[in-house]
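The structure displayed is predicted, hence computed values, not measured ones.
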Amino acid sequence: MEEFWILNDTSFSHAVSPLYASFIIPAFSEGTAASFKKLKFMFNRLNLKLYKGHIYTKTEPFKGDSNKRFQANKELMESIYPILTKRMNQMIKEQFLPYYNKLDSFTGGNLNLQRGKEILQSLTDFYKTAYDLHFDIVMPQMSLNTEVEEYYKNLTNKKSGHDVYELLTGKMNKSLETDQQLSRLALTVKGDAELTKIFEEECTETLLKKLEENKAAKSFMAEEDTFLKQYGYRSVVSHDFVGETWLENPLHALLIIQGYVNDGYHFDENFKQTVKKREQNYNEFLEQIADSTHKEEFKKYYQWALDASVIREDHHFYIDAMLDAKARLFLLKLGDLLVHHHVFLMKEDIFFLYLDEVKSLLENPVDVTELVEKRKKEHAEHEQMSNLPRYFGVPEPAHLKEAEKYMGAIEENDANSEHSIKGLASSSGTYTGKVKVISSTKEFSKLEKGDVLVCKTTTPLWTTLFQTAGAVITDAGGILSHSAIIAREYEIPAVVGTKISTDKLKDGDMVMVDGTNGIVTLLNE
């Protein structure tokens with residue numbers, strides 16, 4: 001039978017750089033093999049492969065006594081459900097933070113070729129450990145969500161249980177916390193007339209310069225610096241080394257603050273409302289359950305799921321984003337060393353080589369400028385590709401169902417017509433507004449208050465757009481994707497996993513987004 005590989009555009013919505021591919025492909029394969037074995041999952045591992053710079057995933061099913069394995073997994077899950085968040089925080093504290101401190105000291109220290117090669121090896125090894133822990137953290141939470149969804153469906157007799165996720169909002173996580181801090185910095189600006197004037201009048205290019213020259217802005221800039229030291233480990237390109245981190249360029253955060261200043265956005269007030277609404281909806285739901293045994297059982301699982309609802313965003317903050325950002329800063333240092341040895345022209349060129357090439361250049365530095373130029377050109381071509389195959393091979397129905405939850409539908413929906421696009425209902429409500437198609441962080445400023453955000457997918461870096469948008473439509477992602485989770489937090493309608501929204505919709509189109517039923521209707525005259 002031909003192997004079934006599926007385009008993983010939920011996690012990797014872009015063409016990845018050669019160096020990142022060399023890190024992530026073995027890390028995924030070995031990391032999932034280790035964690036799935038520990039968790040007694042029904043899969044052996046997840047494999048990744050590269051096709052024209054894009055990442056495809058294949059699930060390797062467990063071969064063995066599946067009933068026995070299923071029972072063992074069930075017992076194990078039940079024992080860790082109550083402590084999922086605590087367990088994650090312990091792993092972060094004991095494994096990730098100490099390694100990051102070590103990596104920071106390498107980045108800040110002196111480097112020669114031999115030492116560079118040793119640290120590079122330790123970094124690739126740590127990626128494997130990191131992804132073992134990563135899946136050890138996220139997989140049990142996914143299975144808890146599935147349990148809660150099933151309970152909810154049985155109690156409500158509904159065909160779909162996606163409504164239950166609206167009962168899991170209003171829990172502070174690292175993405176929301178980042179937003180909260182940015183909102184507070186915007187309030188600091190609003191409290192000072194001179195600062196407010198700078199933010200209201202300056203255009204992007206001159207904002208940072210104006211603030212650095214201004215005496216009144218001195219303490220504000222110190223506050224922003226403190227913010228960046230804590231929250232600045234996000235790259236403008238998620239899941240790769242090529243994107244600048246916020247830490248390297250304060251302008252990324254300043255532009256978001258500028259948006260908040262102009263919109264008069266107040267995070268804390270909005271968040272209080274979300275919490276209140278969640279508690280109200282939950283209590284109303286409980287009142288509808290007549291059977292007290294079922295009610296108690298649901299309450300138990302629900303509390304665990306609510307406690308664990310921070311995992312999706314928090315693990316991303318400390319693992320996916322922070323590891324790539326800190327690795328990037330070290331690799332740039334290594335790039336500098338190789339520029340010094342006349343290997344290529346700019347430190348960023350290191351990202352366009354594969355790991356084994358970098359290792360051999362650290363042993364024997366030779367000029368690879370031409371190769372790098374060729375790779376950059378290829379990478380740019382891969383970035384522009386729009387008609388990639390959704391998958392290779394023949395999917396089994398069970399595979400599709402499982403994949404859909406996290407990655408959205410594999411195929412474009414048959415029910416699509418000239419005027420309507422079908423996706424997954426993931427945050428309820430309807431909204432009518434004007435489309436803005438955003439393809440990268442460079443285009444964030446295009447989105448105006450009340451626009452409908454249309455994009456391939458979102459990552460925590462995009463969270464700040466959700467208070468501006470009236471609704472969200474994505475190509476990729478399922479009901480448990482970042483886009484779906486954050487739309488529910490901000491109580492805006494969302495239809496995800498449409499596959500075609502960025503191709504079919506263009507700036508200025510009027511659409512009605514029905515997040516309750518997963519339908520987008522084009523209203524253009």
Side-chain angles (χ1 to χ4, degrees), residues 10-14 16-17 19-20 23-24 88 92 96-97 99-101 103-104 107 127 130-131 134 137-138 172-186 204 208 223-260 267 310-332 348 351 438-445 447 453 455-468 477 481-483 485-486 489-490:
T10 305
S11 300
F12 310 97
S13 59
H14 55 283
V16 297
S17 65
L19 190 55
Y20 188 73
F23 271 82
I24 202 68
M88 168 184 72
I92 290 165
F96 287 92
L97 300 181
Y99 184 77
Y100 293 157
N101 288 337
L103 193 56
D104 288 346
T107 306
Y127 258 78
Y131 276 87
H134 171 283
I137 289 166
V138 299
M172 187 53 78
N173 60 45
K174 294 309 273 190
S175 293
L176 293 173
E177 199 180 289
T178 307
D179 255 17
Q180 181 183 45
Q181 296 303 322
L182 288 163
S183 168
R184 287 177 182 173
L185 285 166
T204 316
L208 184 59
E223 257 183 82
E224 200 220 12
D225 192 51
T226 307
F227 164 82
L228 289 175
K229 284 193 174 72
Q230 201 175 344
Y231 299 96
Y233 292 100
R234 3 172 93 179
S235 307
V236 293
V237 178
S238 204
H239 291 293
D240 210 336
F241 299 138
V242 293
E244 196 172 43
T245 63
W246 282 15
L247 209 57
E248 292 166 82
N249 182 355
L251 197 57
H252 298 298
L254 286 173
L255 292 180
I256 294 163
I257 295 166
Q258 186 175 36
Y260 286 179
F267 179 92
V310 303
I311 286 177
R312 180 79 202 203
E313 302 299 304
D314 286 13
H315 93 270
H316 192 287
F317 182 88
Y318 285 111
I319 303 175
D320 306 38
M322 203 174 274
L323 177 56
D324 290 350
K326 290 198 182 260
R328 169 185 159 84
L329 298 174
F330 168 72
L331 292 166
L332 286 173
E348 288 81 5
F351 303 136
I438 307 282
S439 62
S440 73
T441 51
K442 290 188 191 80
E443 297 182 347
F444 277 12
S445 56
L447 193 77
L453 167 62
C455 55
K456 282 196 157 63
T457 186
T458 66
T459 64
L461 187 69
W462 295 55
T463 301
T464 47
L465 297 182
F466 283 71
Q467 59 85 20
T468 309
S481 64
H482 172 264
S483 319
I485 291 171
I486 300 297
E489 287 293 347
Y490 282 94

Query raised in the report: Side chains of W462 and I438: does their closest heavy-atom pair fall under 4.5 Å?
Result: yes
Query raised in the report: Tell me, do L255 and S445 make a side-chain contact under 4.5 Å, heavy atoms counted?
Result: no
Query raised in the report: Could you state the interatomic distance from NZ (K326) to CG (N101), rounded to the nearest 0.5 Å?
Result: 7.0 Å
Query raised in the report: Residues two or more places apart in sequence or in another chain: which of them pass salt bridge (Lys or Arg N to Asp or Glu O under 4.0 Å) with E443?
Result: K446
Query - Derivation and outcome, side-chain contact (heavy atoms from CB on, under 4.5 Å), residues R312 and V138 - result: CA-CA 7 Å; R312 180 79 202 203; V138 299; over 6 Å; no
**Report entry** Point-to-point distance, once rounded to the nearest 0.5 Å, from CD1 of I92 to CD1 of I319
**Finding:** 5.5 Å
Query raised in the report: Can you tell me how far CG of L182 sits from CD of E224, rounded to the nearest 0.5 angstrom?
Result: 8.5 Å
Report task. Go through the structure and list residues passing side-chain hydrogen bond (donor to acceptor under 3.5 Å, both in side chains) with T457, not counting sequence neighbours. Result -> none
Query raised in the report: Can you tell if the side chain of V310 reaches within under 4.5 Å of the side chain of M172, non-hydrogen atoms only?
Result: no
Query - For A321, side-chain contact (heavy atoms from CB on, under 4.5 Å) partners two or more places apart - result: H316
**Report entry** Contact summary for D225 and K229, nearest pair of heavy atoms
**Finding:** OD2-NZ, 2.6 Å
Report summary line: ring-ring contact (aromatic ring centres under 6.0 Å, His included) filter on Y131, not counting sequence neighbours, yields F28, H134
Query raised in the report: Is the backbone N or O of Y318 less than 3.5 Å from a side-chain atom of Y100, with the two atoms forming a donor-acceptor pair by type?
Result: yes
Query raised in the report: Considering residues at least two apart in sequence or located in another chain, which fulfil the side-chain contact (heavy atoms from CB on, under 4.5 Å) criterion with V242?
Result: S17, V237, D240, F351, F352
Query - Basic-acidic side-chain contact under 4.0 Å: D324, R328 - result: no
Requested in this report: Examine the side chains of T458 and H482 and answer whether a donor and an acceptor come within less than 3.5 Å of each other.
Outcome: yes
Requested in this report: Only counting residues at least two apart or in another chain, list the ones meeting salt bridge (Lys or Arg N to Asp or Glu O under 4.0 Å) with K442.
Outcome: none
Query - Any Y231 side-chain heavy atom under 4.5 Å of Q181 side chain - result: yes
**Report entry** Side chain to side chain, S238 and D320, heavy atoms closer than 4.5 Å
**Finding:** no
Query raised in the report: Sequence neighbours excluded, which residues qualify as ring-ring contact (aromatic ring centres under 6.0 Å, His included) partners of Y233?
Result: none
Report summary line: For G477 and T10 the tightest heavy-atom approach is N-OG1, 3.4 Å
Query raised in the report: So, for A130 and L323, which heavy atoms are closest and what is the spacing to 0.1 Å?
Result: CB-CD2, 3.6 Å
Query raised in the report: Using the ring of each side chain (for Trp, its six-membered ring), is H239 parallel, tilted or perpendicular to Y20, with breaks at 30° and 60°?
Result: tilted
Query raised in the report: How many angstroms lie between atom CZ of R234 and atom OG1 of T178, to the nearest 0.5 angstrom?
Result: 4.5 Å
Requested in this report: Show your working on side-chain contact (heavy atoms from CB on, under 4.5 Å) between Q467 and F267 and close with a plain yes or no.
Outcome: CA-CA 9 Å; Q467 59 85 20; F267 179 92; over 6 Å; no
Requested in this report: For E177, enumerate each residue passing the salt bridge (Lys or Arg N to Asp or Glu O under 4.0 Å) test, keeping only those at least two apart in sequence or located in another chain.
Outcome: K174
**Report entry** Counterpart residues, ring-ring contact (aromatic ring centres under 6.0 Å, His included), relative to F330 (two or more places apart)
**Finding:** none
Query raised in the report: Looking at OG1 of T463 and CD1 of I486, how far apart are the two atoms once the value is rounded to the nearest 0.5 Å?
Result: 4.5 Å
Query raised in the report: Residues in salt bridge (Lys or Arg N to Asp or Glu O under 4.0 Å) with K456, at least two apart?
Result: none
Report summary line: OG1 (T468) and CG (L453) are apart, to the nearest 0.5 Å, by 9.5 Å
Requested in this report: Go through the steps for F444 and T441 under the test side-chain contact (heavy atoms from CB on, under 4.5 Å), then give the verdict.
Outcome: CA-CA 5 Å; F444 277 12; T441 51; 3.6 Å; yes
Report summary line: The side-chain hydrogen bond (donor to acceptor under 3.5 Å, both in side chains) partners of T245 (sequence neighbours excluded) come to E248
Requested in this report: Flag the pair F317 / N173 as yes when at least one side-chain heavy-atom distance between them is below 4.5 Å, and no otherwise.
Outcome: no
Requested in this report: Sequence neighbours left out, what passes ring-ring contact (aromatic ring centres under 6.0 Å, His included) with Y490? Give chain and number order.
Outcome: none
Requested in this report: Report yes if the side chains of I24 and F12 come closer than 4.5 Å at any heavy-atom pair, otherwise no.
Outcome: yes
